[in-house]
Amino acid sequence: MGGAEIIIAKELVHIVKNKSLLAQLIFILVFSVAFPQIFAYSMINYERVTPQKVFTLIELSKYYPSMIGMLFAAILAGESFAGERERKTMEILAATPLSAQSIFIGKLLFSIFIALLLEIPTSMSFTSAVYHLKDVAQLSIEFPTSTYLLACTLSSWSLTILVTTVVITASLLVKTKAAATTFAFTVLLPIALLITAVSLYNITISDELIVTISVLFLVVSITVLTLMLKHISKELMILGLMRR
Amino acid sequence: MIEVKELKKSFGTVNVLKGVSFIAREKRVNGLIGHNGAGKTTTLRIILGLLKPDHGSVIVDGYDVTKRPEIIWRKSGYIAEEEGYYDYLNAYEYLEFFARIYGLTRHEAHKRIKELLETLGMENYSHRRIITYSRGMKRRLALARALLHNPEILILDEPMSGLSPEATKEIRDLILKLAKEELAGKTILISSHNLWEIEQICDDITILYRGRVVFTGTLEELRDTIGIKPRFKIRLSRPISLEFLNDLQSSLDLKLINVNNMEYTIECSEETIMKVLNEFSKAGVNILSLSEEKMTLNDIYNELWRRLRWEEQK
């Protein structure tokens, strides 16, 4: 991998030993796993489980893990270059034999991998909650179907990769972590609002369409990443676009 | 040897380097000096292949490292002016991470890290987190990192910047000690605006002024180039009249710099000082002592800077 694996290992140590970042990630993880369970429990407890609500939740379950994954991706990718520049460690890393591409790939793969990994418990929690509610509502539908699972997986992967790509690029170009995080949330907010609106207004998007959109997102991400890898330089890593 | 040829670099409308050329000779300590904003850091970053010049080249071992920077990345160790550390690691883990980057095996890395920590007097701190280190300790760690892969070229950008006087002395002594042992045979390029440090450490000097090289050579060559005459301190047995001194100044090529009690500081050539001594003995004045006041790099640099400013204003 030309040194990218060294960067991945370093980033892993960085997360484990950086208490504030670790606390941030653990908090989001605990919240995102607990929320569907608490929600399902209170619906059952107050006897508000209706077939219509279960259908809405099934729709939401296609996007909920993606939203959490995007949040993880935004935090990790925002931290990558801007964090390194803020800690003044970027120049030293750039002066080593690691190529700019290796450093970029290492940071990118790490952000994507951790975000996807942390998405799994969220996804499992939401699916199990919906499954339970479906039983309570006595719905005789097949859940989860294989196309549903494919749509869920692809949508969460594509959105996580897309957000990581956008935020890591921003992190490379802006000077501070705060600027990168602000940019990340500016990107995340409209996506999150759109997803919420789709779910709340019961706009059903077929699983096939979700798969198509996800593939499109993946193509966009790969195109942007290819361009980045072609044009990335150590000068950009050290100075960003702020030059001097 | 590092051969820097006609480097030009602009950031937006600001021309930072306007054709910088000099040679950092092999196995010597080369100093790069200049005021803030003279272009020292930009020059070093271009040499290190971290910035692309708009024009010019940097030749190392026959290769233009502005086009093939991977050559200098392998061959060099670098300390940046303002550098951060992975504070959550300890010194051993920090050095181990860089050892992996430089392709050292686990065994080689362990041996080398142990050796360097001992040389730099850090063996007792190796398992303490970097966040607990003083600035001086952090600089020592940076030095260990720069030397980890035994590089042929060492580039130090303001290595004493931001350190307390004690830590500065400690690092300077360390560099001087290493220059004899660990650094022997390496090409060292060190930038600083602390001229005293440069004078103590460097063999050759390159002076940058507003993005161009105004001098490159040894300190002796710099003295000759500037044409500053030596200063002599003469202590006499009795005071002499001002008239006598004025006569001396008008008949001989000398400049009276300072009079302190019966001690006179005169700026003139060695030839002239002999004539001055002759005149004093003719006037029946005994000379109690005569010493040459060494011009420091700081004095010479200030004179050069004054002249450059004056030329600019003209």
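All of these numbers come straight from a predicted model, not from anything done at the bench.
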Contacting region of [X] [heavy-atom separation from chain B under 4.5 Å]:
X	value
A:Glu86	neither
A:Ile238	side chain
A:Ala100	neither

Are [X] and [Y] packed together at the side-chain level, in the sense that at least one heavy-atom pair is separated by less than 4.5 angstrom?
X	Y	result
A:Thr96	B:Phe97	no
A:Ile92	B:Tyr86	no
B:Arg100	A:Glu5	yes

Under 4.5 Å heavy-atom distance to chain A, tell me which part of B:Tyr85 shows up: side chain, backbone, both or neither.
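Backbone only.
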field: Contact class of B:Glu82 relative to chain A, heavy atoms under 4.5 angstrom
entry: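 Both backbone and side chain.
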Fill in: Test log, rule side-chain contact (heavy atoms from CB on, under 4.5 Å), inputs B:Phe11 and A:Leu239
CA-CA 11 Å; B:Phe11 292 105; A:Leu239 301 178; 3.7 Å; yes
Top of [options] for chain A proximity - count of heavy-atom pairs under 4.5 angstrom:
options	result
B:Asp87, B:Ile71, B:Ile101	B:Ile101
B:Gly77, B:Ala80, B:Pro69, B:Gly84	B:Gly84
B:Leu50, B:Ile155, B:Leu48, B:Leu51	B:Leu50

Checking heavy-atom separations under 4.5 Å from chain A, one finds in residues 132-145 of chain B B:Arg145
query = Between B:Lys52 and A:Glu235, is the closest basic N to carboxylate O distance under 4.0 Å?
reply = no
